[in-house]
Structures are given as C-alpha cells and as structure tokens.
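Contents: one structure, followed by commentary.
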Amino acid sequence: AGLRGLGREGYGLTVSPRSVLLRAAHPTGLLRGVQTVRQLLPDQALIPAEGADGERVDRWELPCTEITDVPHRPWRGLMLDVARHFHDADTLRRHVDLLALHKLNVLHLHLTDDQGWRMPVAAYPRLTTVGARRARSMTDPAGATGSVGTTGFDDRPHGGAYTRAELTGLVAYAARRGVSVVPETEMPGHVRAALAAYPHLGNHPDRALDVWTRWGVCDTVLGVHDAVLDFVHDVLGEVMDVFPSPYIHLGGDECPTTEWEESPTARARAAAEGLSRPADLHGWLLGRAGSYLREHGRHPVAWAETGSALPPGFTAMSWREPAHAAEALRRGHDVVLTHHRTTYLDYAQDDDPGGTPVQPGPVVDLRTVHRGDPEPTAPAPGGGRVLGTQAQIWTEFAPTAADLDRLAYPRLCALAERAWTGPTTWTDFTRRLTAHTRRLDALGVRRHHLPTTPPSSAASARTAPSARPPTQHTT
Ligand code: ACM
C-alpha cells in the first residue's frame with residue numbers, strides 16, 4: 001500500500017515474523033503508529049525502564065499484523081481548566097503523554113477565568129502577581145446557596161501561575177508527541193481576575209475587585225474603551241509568541257451584558273460602532289480580537305452560546321445544544337463538538353459521587369461519552385466543517401492531579417475511540433477497554449473504578465440527557 005490517503009496523521013503498520021514496517025506520509029503519522037506499537041506490546045513495555053544500569057531482560061513479542069489506520073476527524077482533544085484550580089506543568093506533561101497514547105492531538109488550556117489568571121504577560125505583570133491568587137474558594141456547587149451566608153468556603157488561599165519557560169517547554173514537549181496546545185484567554189466575560197489586577201479595564205475603573213472566590217457566572221466584564229483593545233492586543237500578542245498553535249481560543253461564553261447597558265462609555269461605543277444595542281458589543285469585541293488573530297495568520301475559536309452569535313471566521317465550540325452545531329455549520333463556521341451532556345467530564349460519572357461535591361449537571365457516564373451526540377452529517381451548505389470533538393474538565397471540584405485522572409479515565413478512552421475511529425459498538429468498545437485498562441493501570445493512572453454491579457434501572461434513567469438551564473452552568 002502506498003502513502004496516498006494516509007493524510008497528516010494516518011499510518012500503515014506491518015508486523016511480520018522478521019520485520020516491523022511503519023509507513024506514514026507525514027512525521028505525525030509515524031507518531032500515531034508508534035502508539036499503536038506500544039499498545040501491541042505487553043503492558044509492562046509502557047513502563048519506563050528503571051535505573052541507568054537496568055538492562056531490561058524482558059523479551060517482548062509483537063503479534064503479526066497488517067494495519068492501515070487514519071483518523072475520523074482532525075480535532076481530538078481534552079480541555080483542562082487550570083484557572084479554577086491550578087495544575088502544575090508536570091501534571092500537564094503527564095496528560096500530554098496520556099493524550100498521545102490515546103491518539104488525541106489537542107490539549108486545550110483554559111488559562112484565565114474569574115478565579116485566576118495563570119499565564120504571565122510581560123506588559124501586565126499584575127495579571128499573575130495579583131490575578132493568580134484568590135483568598136479562598138467556594139466548597140459548594142454554584143447555585144447551591146440557600147441564602148447569602150449559607151455557602152461554604154474553605155478559607156485557604158489558592159494560587160499558581162506558569163512561567164513563560166514552563167509554557168514554551170510544554171508546547172515543545174507536546175509537539176514532539178504530536179499534540180498541539182491550544183491556549184484560551186477568556187473575554188469579554190470570565191475576566192474578574194484580570195479586573196482585580198487592572199480595574200481600569202472594567203466598566204467601573206475606580207472599583208476595587210477581588211479575584212473571585214465563588215463559582216458561577218460573574219457579571220463583571222471587560223469594558224470596551226481603547227485601553228481594553230490595547231490590552232487584548234498585548235495579551236494575544238504574547239499568547240501567539242508562546243503558543244504556535246494555528247488555533248487560539250478567545251472564550252466568549254457566559255458574558256452578562258448589564259454593565260454595558262448601564263455604562264455611558266459602553267453605550268457611546270455601541271452607538272459609534274453602529275450597533276443596535278449594547279449587548280452586541282460582545283460580538284464586536286470578539287470580532288476585533290478575532291481579526292487581530294487572523295491578521296497574524298491564526299484562527300480564532302470561541303464557545304458558541306448559540307449557533308448564530310459568533311463573528312464570521314470563528315471556529316465554534318458548540319457546548320450547549322447539538323442544534324447549535326448544525327446552525328453554526330450552516331452559517332459557515334467550522335465546529336468542534338463539545339456538548340456538555342456528552343463531553344463534560346467534570347459531571348458525575350455515576351450515581352454515587354461518594355460524598356464529594358460534583359459539578360451540577362446530568363450524569364455523564366462512560367456509555368454516554370461513548371455514544372456521544374450524532375454528528376451532523378451532510379456537508380453544510382454554508383461550508384462549515386466538523387473538525388472533531390474534545391472532552392472538557394472544568395476544575396471547580398478537581399483541585400488535585402488525582403482528581404484529573406479520576407475524571408478523565410476511563411471516560412476519555414471512550415471519547416478518544418469515537419474521535420479517532422468514529423462510532424463503534426458498546427460491546428466492542430468495552431471489550432477493548434478491558435485490555436486497555438491494564439495499560440492505564442501499568443501507567444499508574446488513578447482511574448475511576450466502575451461500579452461492579454450493573455446500574456439499576458433508576459440509575460440508567462438518570463443517565464438520559466436531561467434538560468438544564470444553560471445559564472446555570474458554573475464555568
Ligand atoms: C462553558 O461551559 N461555559 C463553555
């Protein structure tokens with residue numbers, strides 16, 4: 001077989017009694033093929049050899065095989081929220097290794113939010129000296145409050161930021177494994193940490209704000225005056241310096257517009273730009289940021305609040321409703337499927353959260369992730385493409401590295417299979433997962449242990465997609 005049709009990531013592997021031949025049209029395809037070889041070897045081959053003098057005596061056998069393998073979709077990822085809880089660079093590198101093992105190729109880092117700003121920006125040092133640390137953290141889920149004063153807080157400061165060298169090092173580490181790091185700096189909402197550092201970027205320049213200690217949607221958002229445009233350009237300039245990814249994520253979700261409606265400055269900006277209402281400043285500001293990225297040869301990405309709200313040229317992450325993905329495709333947007341009912345791995349994975357607080361939302365069990373949402377089929381008349389899918393781990397209730405493991409695995413295996421292979425049967429998947437679980441164990445992944453008894457009918461009823469008001473989402 002020739003190399004034609006293998007694309008960027010496909011590979012061919014032939015193991016015969018005397019040779020192993022791996023073929024690809026592009027070096028990335030070889031990386032994918034090497035992961036298949038690792039999986040064909042005994043599980044202990046996954047464990048790095050110990051010690052310098054540790055001649056390994058194991059003799060490993062590969063089964064003879066002939067494989068041609070190309071991915072179903074080009075975007076197969078995991079989003080890690082490092083803003084709600086900071087996770088260090090070692091932890092991220094470990095996840096890159098695990099992503100590569102699963103032939104996932106995007107690590108989307110949610111670097112900034114109301115509760116913390118994690119990336120240094122030279123022109124704005126206070127983003128990390130002030131914005132990276134909050135005084136305490138809410139211990140209840142957002143929306144769990146009865147009345148003011150009943151919410152629990154842990155009264156422990158939480159903070160952390162990467163150095164620029166850690167981020168560039170992570171990018172290089174990931175690139176060697178064929179994984180692209182897609183950065184996300186949120187705007188115009190979810191910016192409370194930035195406003196705590198630089199109040200003049202908000203709609204009330206004289207107001208002192210703390211880095212937010214609650215979860216949920218905060219109504220303080222960026223202003224729309226010229227200093228904010230300068231800030232956006234400076235931040236994105238540094239983001240582009242550090243992250244060579246063709247895609248740069250601008251956030252864009254959950255942005256209350258009340259402050260703009262009440263601000264004479266914002267209303268004047270809306271009028272000057274010919275917008276019919278201050279709420280349209282959301283699309284205007286995203287559009288300005290997106291144009292800046294495009295002028296520099298990058299593609300802007302944003303969370304799609306609906307199928308129609310993003311400026312042209314944006315790649316849409318459809319997270320609320322599958323209908324939004326279809327609508328965005330019709331409007332010509334490329335789409336990454338990130339629907340919360342099937343890809344949010346911070347949601348409970350079975351009916352027994354074991355006493356720990358979890359993100360409010362439907363149960364997203366292994367089967368739900370494996371099933372996913374039906375992919376929009378026909379080519380969209382507007383020319384938009386489904387790029388692929390990714391899992392999300394928001395970290396309000398995931399402060400430790402062990403939490404990330406437990407939330408990601410094994411559910412991420414189900415998403416990885418669907419993203420690389422396309423839809424598969426549950427029976428085939430679970431058979432493969434049984435063997436694969438031994439690899440996860442060999443690698444020390446602190447995976448979630450599936451309940452040993454089959455779920456009761458009541459439990460499976462709860463796994464059915466359930467409607468929930470999107471505005472209550474707590475990211
Ligand atoms: C989101 O969950 N707010 C994208």
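First listed ligand is number 1; within each ligand, the first listed atom is number 1. Starting from 1, each residue takes its place in the sequence as its number. This is a predicted model, so every value here is computed, not measured.
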Fill in: Polar proximity ligand 1 side, Asp253 side, N/O cut 3.5 Å exclusive
yes

Discussion item. Using a 3.5 Å cut-off on N or O atoms only, is Tyr344 in polar contact with ligand 1?
Written reply: yes

Item to complete: Spell out, as yes or no, whether a donor-acceptor pair under 3.5 Å connects the side chain of Thr395 to the backbone of His85.
Response: yes

Worksheet item: Can the positive tip of Arg288 be found less than 6.0 Å from the middle of the six-membered ring of Tyr292, inside 45° of the ring normal?
Response: no

Worksheet item: Is Glu254 touching ligand 1 with its side chain, its backbone, both, or neither, if touching means heavy atoms under 4.0 Å apart?
Response: side chain

Worksheet item: Do the charged groups of Asp154 and Arg136 touch, with an N to O distance under 4.0 Å?
Response: no

Worksheet item: Salt bridge between Arg76 and Glu417, side-chain N to carboxylate O under 4.0 Å?
Response: no

Worksheet item: Does any pair with a residue in residues 257-279 pass ring-ring contact (aromatic ring centres under 6.0 Å, His included), and if so which ones, sequence neighbours excluded?
Response: none

Worksheet item: Hey, which atoms in ligand 1 end up nearer than 4.0 Å to a heavy atom of Trp303?
Response: 4 (C)

Discussion item. Which of the numbered atoms in ligand 1 are under 4.0 angstrom from any heavy atom belonging to Trp394?
Written reply: 1 (C), 2 (O), 4 (C)

